[in-house]
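Everything on this sheet refers to the single structure shown next.
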Number of protein chains: 2
Amino acid sequence: MATNDYKNILEMLENSGLRATRARKIILELLAEKNRHFTPEEMLEALRERGQPLSIATLYQNLARLVEKGLVIKIVGLDGSFRYDFNHDPHDHMICSRCGKIVDVVVKGSLEGISAQPMDAEDDLTNWKILEKRVEFVGLCPECQAAEQN
Amino acid sequence: MATNDYKNILEMLENSGLRATRARKIILELLAEKNRHFTPEEMLEALRERGQPLSIATLYQNLARLVEKGLVIKIVGLDGSFRYDFNHDPHDHMICSRCGKIVDVVVKGSLEGISAQPMDAEDDLTNWKILEKRVEFVGLCPECQAAEQN
DNA sequence: TTACGTGCAAACGTTTTGCACAAAC
DNA sequence: GTTTGTGCAAAACGTTTGCACGTAA
């Protein structure tokens, strides 16, 4: 991680009104530098390996605060597990249905023409306020395609 | 539920190779007749109210078997909770970001022109095998829009 | 009659909480 | 000096499992 990024992390914390504690700094550093979507368990492991161990309670408490302040986003895997992402720009996800890996993607092509209509006649969608159209690409990553051969 | 539906449930179980037990019948009846996406907890509650109580172990065991046989589908809410849906035709979902309600929808417009490209240069998506493009409409249901006013 | 399903209670993995001590401001 | 964060241990939560008994075919 470049020096710039570290300054950015301090700034982000400052701007969000959160104190710049050790826990928050190492969590953000980890997410900022690795191109991955960690589960809480994976974060604990990764931080332990770096010689920056963190207690599980502190991790969960801080992830909740960081999500609340918008510094980190929380996403749900196909299996219901939670993963965290530093990526702030609007984006969608490509998910491996076998191993759960998630890769950030941008959608090519317009979603303008896409709309929803109810499947069941008794549902009325006209009074919903649509905030977002998310596209999830579900597939098999190269590693899992190889594993499926066996 | 019409008599026809009940026969269909028996047939579905027969065709899937699963025995037609009390637990499976009442679970499928509930899902078939209600236009809802139940969490396991909600199913237990609904069945209790109908005078058809079921043990939690049996519910989970059977949901797993029914999903495995394709009679029921399992979906994950925005908050990571599991919900179950009587499996009909392929469809997408409209989800309320405030209360978690899920409504089945069909997408109008083609997804043909929609593709994914990696956000991070180091990700290569060319060797993924894409199985599905899912669209999730996230918004506020009428009830939650009213509640947000306060 | 035999294989399979059910329900209880116990175990499990993940997430949350209460609280004393420590660090940030 | 005051407010906020940390880490431990315990609790809570949703889900799964082992096992004795019951039911479907």
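Side-chain atoms are counted along with the backbone in the values below, which use heavy atoms only and exclude waters and symmetry mates.
With sequence neighbours excluded, the residues that form a side chain to side chain contact (heavy atoms under 4.5 Å, CB included) with A:Met12 are A:Leu71, A:Phe86, A:His88.
Residue contacts shown for B:Ile56 include a base, since a base heavy atom lies under 4.0 Å away.
Regarding B:Arg24, its CZ atom lies at a distance of 12 Å from the P atom of C:dG7, rounded to whole Å. Rounded to an integer number of Å, the gap from CD of A:Glu68 to P of D:dG5 is 10 Å. Atom CD1 in A:Ile26 sits about 9 Å away from atom P in D:dT6, given to the nearest Å. A straight line from CD of A:Glu45 to C1' of C:dT14 spans 17 Å, rounded to a whole angstrom. One atom, CG of B:Leu59, and another, P of D:dT17, lie 15 Å apart when rounded to the nearest Å. Put simply, CG on B:Leu44 is 11 Å from P on C:dG7, counting in whole angstrom units. Summarising the geometry, the separation between CD on A:Gln52 and P on D:dT6 is reported as 14 Å, rounded to the nearest angstrom. A straight line from CG of B:Leu63 to C1' of D:dT17 spans 16 Å, rounded to a whole angstrom.
Listed by first then second residue, pairs satisfying salt bridge (Lys or Arg N to Asp or Glu O under 4.0 Å) with a partner in residues 107-129 of chain B number zero, not counting sequence neighbours. Screening residues 66-77 of chain B for side chain to side chain donor-acceptor pair (under 3.5 Å) gives B:Arg65-B:Glu68 as the qualifying pairs, with residues at least two apart or on separate chains.
Phosphate proximity of D:dT6 to A:Asn62: present, with a side-chain N or O under 4.0 Å from OP1 or OP2. Residue A:Ser55 places at least one side-chain N or O closer than 4.0 Å to OP1 or OP2 of D:dG7.
Within 6.0 Å of the CD atom in B:Glu132, the count of heavy atoms belonging to other residues, nucleotides or ligands exceeds 12.
The nucleotide whose nearest atom lies closest to any side-chain atom of B:Gln61 is, among C:dG5, D:dG7, D:dT17, D:dT17.
Comparing A:Ala57 and A:Arg65 against DNA chain D, the residue whose closest nucleotide sits nearer the 5' end is A:Arg65.
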(request) List the steps, then state whether side chain to side chain contact (heavy atoms under 4.5 Å, CB included) holds for A:Lys133 with B:Glu136. (result) CA-CA 6 Å; A:Lys133 296 175 193 171; B:Glu136 237 175 49; over 6 Å; no
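Cluster partners of B:Leu131 are A:Leu140, counting Ile, Leu, Val, Met, Phe, Trp and Tyr whose side-chain heavy atoms approach within less than 4.5 Å, directly or via other members. Chaining together hydrophobic side chains whose heavy atoms lie under 4.5 Å apart places A:Leu125 alongside A:Met94, A:Val103, A:Val105, A:Val107, A:Leu111, A:Ile114, A:Trp128, A:Ile130, A:Val135, A:Phe137, B:Met94, B:Val103, B:Val105, B:Val107, B:Leu111, B:Ile114, B:Leu125, B:Trp128, B:Ile130, B:Val135, B:Phe137.
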Output one line per pair: protein atom, nucleotide atom from nucleotides 21-25 of chain C, and distance, for all N/O pairs under 3.5 Å.
residue : atom : partner : partner atom : Å
C:dA24  : N3   : A:Arg19 : NH1          : 3.3
C:dC25  : OP1  : A:Ala20 : N            : 3.1

